[in-house]
2 protein chains.
Amino acid sequence: MDQPEKPERAERPRRAETADALAYDVFSRACPSRGTLEHVTGRWGALTLGALYDGSFRFNELRRRVDGVSEKMLSQTLHALERDGLVHREAQPTNPPRVDYELTPLGRDVAERLLALIHFVEGRMDEVLVARGRYDDAARETRGGR
Amino acid sequence: MDQPEKPERAERPRRAETADALAYDVFSRACPSRGTLEHVTGRWGALTLGALYDGSFRFNELRRRVDGVSEKMLSQTLHALERDGLVHREAQPTNPPRVDYELTPLGRDVAERLLALIHFVEGRMDEVLVARGRYDDAARETRGGR
DNA sequence: CAGCATCCTTCCGGATACTG
DNA sequence: CAGTATCCGGAAGGATGCTG
C-alpha cells in the first residue's frame, strides 16, 4: 500500500519533550486519541462519517456521495475508520462481490457530535464571512494594498 | 508568506461536478463552509481552539500548550481563525511586545461543539484501541503476516 | 517576545494500471 | 464490482535566520 496511515509512531521527538506539562489528552502529541481524532475530523473522514450517517452504502455508492474523493482515498479512509471501530464492513463473497459499509454504534455517536459541529459552523457562515471582510479590509489598509 | 491558506479558490474541478447528489453543502467543495470547517477541525486549528477555551494566552504560552506545533503553523492557524472571526487578537505596542489571543463569542460556541467531539473520542479511546487490536489481529491472520 | 521570509523535506492525495 | 500497487506533482509543514 502507499501511505495507509502513519504506523502509529507517536513518538518522533522533532523538538524537546515538554509533553509532561500537559494532562494525557489530545494536546499531547504522544496520545493515540490525536490520531483517531484526525481520522474523524480529517478531510475525507468527516465527509465519509457524514455520508454514512444516512445509512448503509456500497463502495461505489459511497464514492458518489462523497464528492471528489478518489478510490484510493476512500479505501484508505474506510480502512482507518474500520480499524478504529467506527465503521463496520460487511462483505458477501458473491460474484460480483458486494460490500456494504455502515456506522457502528460508536461511529454513530461520533458522527452525531461531528455533525453538530458541522451544522453549527454552516449556520454561522454569514458571521464568518462578515468577519473575513473586516479582516481583509484592515489588512489591506495596514499594508497599503491596492 | 508561504502558504497562508488557499486563496479561496473553491472551484477546482479535478473531477466531475456531482455535488448535487449530497444533502449537506459542506460536502460540496464550492461551499465556503468547507474552508472554515477545515480551519476548525484541522490538525492545529482544533488543538488551538481547544487550548484557547481555557482562557487568554500569549503567543508562546499557546505554543507550549499546543504540544508539537511549530511557530509557523501556530501563526498561520491563528491568522486563519482570526480571519474567520473565531479568535480575537489583542496587541499592545509596548516593548517588548505583548500579544494576547482569546476566543470570540462565536469562537467559544464553535470550541464548545468541537470539545464535545474531542472529549467524546477521548472517553471512548479504550473501545477504539480494542477495535484496533481486533482489526490488526484479523489482518495478520488473513495475510499470514508475522 | 512576537512574529515573517526562505529553504527544503515529508507525505498527502490524484491518475493510472492491474487483480480477484 | 471492489478493491490493490505504483508513480509522481504539489501542498503541508519543520528548521533556520532575521526584524521590530
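Proteins get letters first, then strands, A, B, ... in listed order; numbering begins at 1 in each.
Between the CD atom in Gln76(B) and the CH2 atom in Trp44(B) there is a gap of 12.0 Å [rounded to 0.5 Å].
Atom CG in Asp100(B) sits about 14 Å away from atom P in dC1(C), given to the nearest Å. In this entry the distance linking CD of Glu71(B) with P of dC18(D) reads 14 Å, nearest Å. Taking atom CZ on Arg64(B) and atom C1' on dA2(C), their separation rounds to 12 Å, with Å as the unit. We find that CG of Leu74(A) is positioned 16 Å from C1' of dA15(C), with the value rounded to whole Å. Look at CD on Gln76(B): it is 19 Å from P on dA2(C), rounded to the nearest Å. Following rounding to the nearest Å, Asn95(B) (CG) and dG3(C) (P) show an atom-to-atom distance of 14 Å. Distance, Arg98(B) CZ to dA2(C) P: 8 Å, rounded to whole Å. In this structure, Met73(A) atom CE and dG3(D) atom C1' are separated by 14 Å, rounded to whole Å.
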Could you walk me through whether Thr36(B) and Arg124(A) pass side chain to side chain donor-acceptor pair (under 3.5 Å), step by step? CA-CA 10 Å; Thr36(B) 298; Arg124(A) 301 300 201 94; over 6 Å; no

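For Asn60(A), taking side-chain heavy atoms from C-beta onward, the closest of the listed nucleotides dG14(C), dG14(D), dA2(D) is dA2(D). If you check dG3(D), dG14(C), dC7(C) against the side chain of Lys72(B), the one that comes closest is dC7(C). When the nucleotides dG14(D), dG14(C), dA2(D) are ranked by their closest atom to the side chain of Trp44(B), dG14(D) comes out on top.
For dC1(C), the OP1/OP2 oxygens have no side-chain nitrogen or oxygen of Arg58(B) closer than 4.0 Å. An OP1 or OP2 oxygen of dG3(C) is reached within less than 4.0 angstrom by no side-chain nitrogen or oxygen of His79(B). Listed pair Ser75(B) / dC4(C) meets the phosphate criterion, a side-chain N or O lying under 4.0 Å from OP1 or OP2. At dG3(C), one or more side-chain N or O atoms of Arg89(B) fall inside 4.0 Å of OP1 or OP2 (strictly under the cut-off).
Looking at Tyr101(B) and Glu61(B), their side chains never bring a donor and an acceptor atom within 3.5 Å of each other.
Screening Asp84(B), Thr77(B), Thr48(B) for a side chain to side chain donor-acceptor pair (under 3.5 Å) involving His39(B) leaves a single residue, Asp84(B).
Nearest heavy-atom pair, Val40(A) versus Leu114(A), reported as atom, atom and distance to 0.1 Å: O-CD2, 3.9 Å.
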